[in-house]
Number of protein chains: 2
Amino acid sequence: MDDTRTKLLEAAGPIFADHGFQATTVRDICQRAGVNLASVNYYFGDKERLYVETVKRAHGLAVDQVPLPDWSDDTPPEVKLRDFVRTLIERMIGVKHASWQMRLMMREILQPSAACRELVESYFRPHLDVLLGILDEMLPASAPEHRRAQLAFSLVGQCLYYRVAGEIVNMLVPEEQRQRWFSPPQLADHIAQVMLAALGRTEPLSTQLQSDCATGVCHTD
Amino acid sequence: MDDTRTKLLEAAGPIFADHGFQATTVRDICQRAGVNLASVNYYFGDKERLYVETVKRAHGLAVDQVPLPDWSDDTPPEVKLRDFVRTLIERMIGVKHASWQMRLMMREILQPSAACRELVESYFRPHLDVLLGILDEMLPASAPEHRRAQLAFSLVGQCLYYRVAGEIVNMLVPEEQRQRWFSPPQLADHIAQVMLAALGRTEPLSTQLQSDCATGVCHTD
DNA sequence: AGGCGTTTAATACACTTGTTTGAAACGGGC
DNA sequence: GCCCGTTTCAAACAAGTGTATTAAACGCCT
């Protein structure tokens with residue numbers, strides 16, 4: 001399928017992700033796609049319709065690219081939580097240092113547009129439900145609903161941070177330290193450790209870091 | 001001081017924050033400021049210079065608006081950490097549901113421009129140092145530097161989340177639940193609890209939530 | 001008052017934007 | 001071949017953009 005329509009969609013993705021809706025020009029997209037200027041209006045009606053289609057396609061590709069593992073019924077919740085974090089981090093910053101799909105979705109998160117409602121229901125809500133299910137296995141039944149949600153947001157927030165503020169992290173952390181200690185799996189394991197320690201499923205971090213700090217960090221498998 | 005220059009800066013702030021650099025027009029700014037179209041070129045040379053000045057001014061105002069408390073020397077680190085989180089959250093979503101200053105800075109975080117380097121050195125770095133100092137008081141001396149940084153990012157990430165993904169949270173959490181349990185101080189206390197529990201300075205959350213969940217949540221003072 | 005540097009004002013100028021147009025090219029079916 | 005709907009193309013359009021220009025108004029000193 002390399003018809004003009006899909007060529008347009010594929011060209012539009014990275015450009016919209018980089019510059020946002022307003023700042024990208026249909027001329028730019030058409031040039032990148034190698035098609036005539038009028039094509040976007042012919043196939044999508046106008047620029048905005050093309051944008052919405054691009055966003056939909058983006059999150060479709062994003063979930064396919066790094067899917068959640070399907071756990072067996074006896075997988076302990078600690079492992080599920082760690083896997084969940086790893087998947088999130090991988091989607092955020094793993095795939096070739098941030099795919100255009102994620103960059104585009106990030107724009108929608110920060111400034112929701114017409115394409116966003118669908119994004120929430122078909123992407124965020126299901127993932128939140130999975131995470132809430134994992135947390136339920138570790139929390140007492142008396143834990144109120146809003147605390148579960150806030151815990152989920154705490155976890156997601158830590159992952160999202162490296163996507164949103166990645167450039168800032170790059171400026172704050174020296175190059176060599178970043179290379180050695182800030183790889184996606186390392187960050188994922190750190191976040192999982194924080195959450196598990198907070199939930200009381202692991203020793204607190206301060207005691208973990210007291211003894212044997214070399215091996216305590218990189219149990220990456 | 002209501003000369004044209006400052007009128008321009010004050011008008012430009014919210015508009016740049018809402019629409020970004022590209023999508024805002026100097027005509028819009030001048031109209032809102034009630035000054036002539038040519039003024040921006042007269043006072044700032046061009047649109048970009050005005051933008052940079054606006055960003056600088058934004059973070060100047062942001063720190064003044066909600067300053068960090070100055071703790072006495074014997075303030076326990078747990079209190080400092082909680083205060084730090086509260087300050088961050090207050091800056092993120094507290095002041096009249098997100099001031100334009102924060103919205104503008106958020107744009108720079110997500111997509112750094114020329115004005116960003118200065119933002120990092122004069123705003124983010126000092127705050128990070130304060131936070132690292134607080135964490136140092138709770139961590140063993142053997143804790144490696146990169147883990148401290150990651151812990152700091154975990155904390156900041158959780159706070160940033162409600163600013164970045166605030167609209168998504170609004171769609172995911174029912175209105176009434178949001179009204180009751182998602183006020184800035186409540187969110188701040190939750191995040192502080194997570195971090196303190198992870199560090200082992202409090203009981204784990206799962207046991208906290210087991211007993212007496214009604215009073216355990218809202219120690220707002 | 002008069003002169004002068006500073007500020008404001010209206011307008012014009014290129015230029016880019018999204019979109020439209022109408023004709024040309026294509027691809028089968030009879 | 002010829003007709004047809006579909007797709008491509010180059011060009012043009014109208015609106016909106018940042019910026020430049022020019023003259024008028026202002027404030028202030030002597």
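Every chain is numbered from 1 and lettered A, B, ... according to where its sequence line falls, protein lines coming before strand lines.
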Do the side chain of [X] and the main chain of [Y] share a donor and acceptor less than 3.5 angstrom apart?
{"X": "Gln186(B)", "Y": "Arg180(B)", "result": "yes"}
{"X": "Thr75(B)", "Y": "Trp71(B)", "result": "no"}
{"X": "Arg125(B)", "Y": "Leu172(A)", "result": "yes"}
{"X": "Arg82(B)", "Y": "Leu196(B)", "result": "no"}

Q) Can you name the side chain to side chain contact (heavy atoms under 4.5 Å, CB included) partners of Val66(A), sequence neighbours left out? A)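 Checked Val66(A) against side chain to side chain contact (heavy atoms under 4.5 Å, CB included); matches are Thr87(A), Glu90(A), Arg91(A), Val95(A).
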
**Q.** Members of residues 14-30 of chain A that approach DNA chain C, where some heavy atom sits under 4.0 Å away
**A.**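 Residues of residues 14-30 of chain A that come under 4.0 Å of DNA chain C are, in numerical order, Thr24(A), Thr25(A), Val26(A), Arg27(A).
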
Q. For DNA chain C, what residues of residues 49-56 of chain B have any heavy atom nearer than 4.0 Å?
A.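 The stretch gives none, as no residue of it lies under 4.0 Å from the strand.
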
Report yes if some heavy atom in the side chain of [X] is under 4.5 Å from a heavy atom in the side chain of [Y]; otherwise report no.
{"X": "Leu50(A)", "Y": "Val26(A)", "value": "no"}
{"X": "Phe153(B)", "Y": "Val173(A)", "value": "yes"}
{"X": "Leu8(A)", "Y": "Thr54(A)", "value": "no"}
{"X": "Gln22(B)", "Y": "Gln22(A)", "value": "no"}
{"X": "Met102(B)", "Y": "Arg107(B)", "value": "no"}

Q. Which nucleotide of DNA chain D is the first, and which the last, in the 5' to 3' direction, to come under 4.0 Å of a heavy atom belonging to chain A?
A.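 So the outermost contacting nucleotides come out as dT6(D) to dA12(D).
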
Q) So Phe16(A) and Phe21(A), would you call those rings parallel, tilted or perpendicular, with 30° and 60° as cut-offs? A)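 If you compare the ring of Phe16(A) with that of Phe21(A), the planes turn out parallel.
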
Q | Mutual orientation of the aromatic rings belonging to His146(B) and Trp181(A) [parallel < 30°, tilted 30-60°, perpendicular > 60°] | A |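 Rings of His146(B) and Trp181(A): parallel, as their planes differ by under 30°.
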
For the pair [X] and [Y], find out whether any cationic side-chain nitrogen is under 4.0 Å from an anionic carboxylate oxygen.
{"X": "Glu10(A)", "Y": "Arg32(A)", "result": "no"}
{"X": "Glu175(B)", "Y": "Arg178(B)", "result": "yes"}
{"X": "Lys80(B)", "Y": "Asp83(B)", "result": "no"}

Q. With sugar-phosphate meaning primed atoms plus P, OP1 and OP2, does Tyr43(A) contact a base, only sugar-phosphate, or nothing at under 4.0 Å between heavy atoms?
A.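 Sugar-phosphate, backbone atoms only, no base.
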
Q.
Looking at Thr4(B), I'd like to know whether one of its side-chain N or O atoms comes within less than 4.0 Å of OP1 or OP2 on dT8(C).
A.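 Checking Thr4(B) against dT8(C): at least one side-chain N or O falls below 4.0 Å of OP1 or OP2.
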
Q.
Angle between the end axes of the helix from dA1(C)-dT30(D) to dC30(C)-dG1(D), five pairs per end, to the nearest 10 degrees?
A.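 Computed from the C1' atoms at both ends, the axes differ by 20°.
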
Q.
What is the separation between atom CD on Gln31(A) and atom P on dT16(C), rounded to the nearest whole Å?
A.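 Atom-to-atom, Gln31(A) to dT16(C), this comes out as 13 Å.
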
Q | Positions of residues 32-42 of chain B (non-hydrogen atom under 4.0 Å from DNA chain D), listed by number | A |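 By residue number: Leu37(B), Ala38(B), Asn41(B).
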
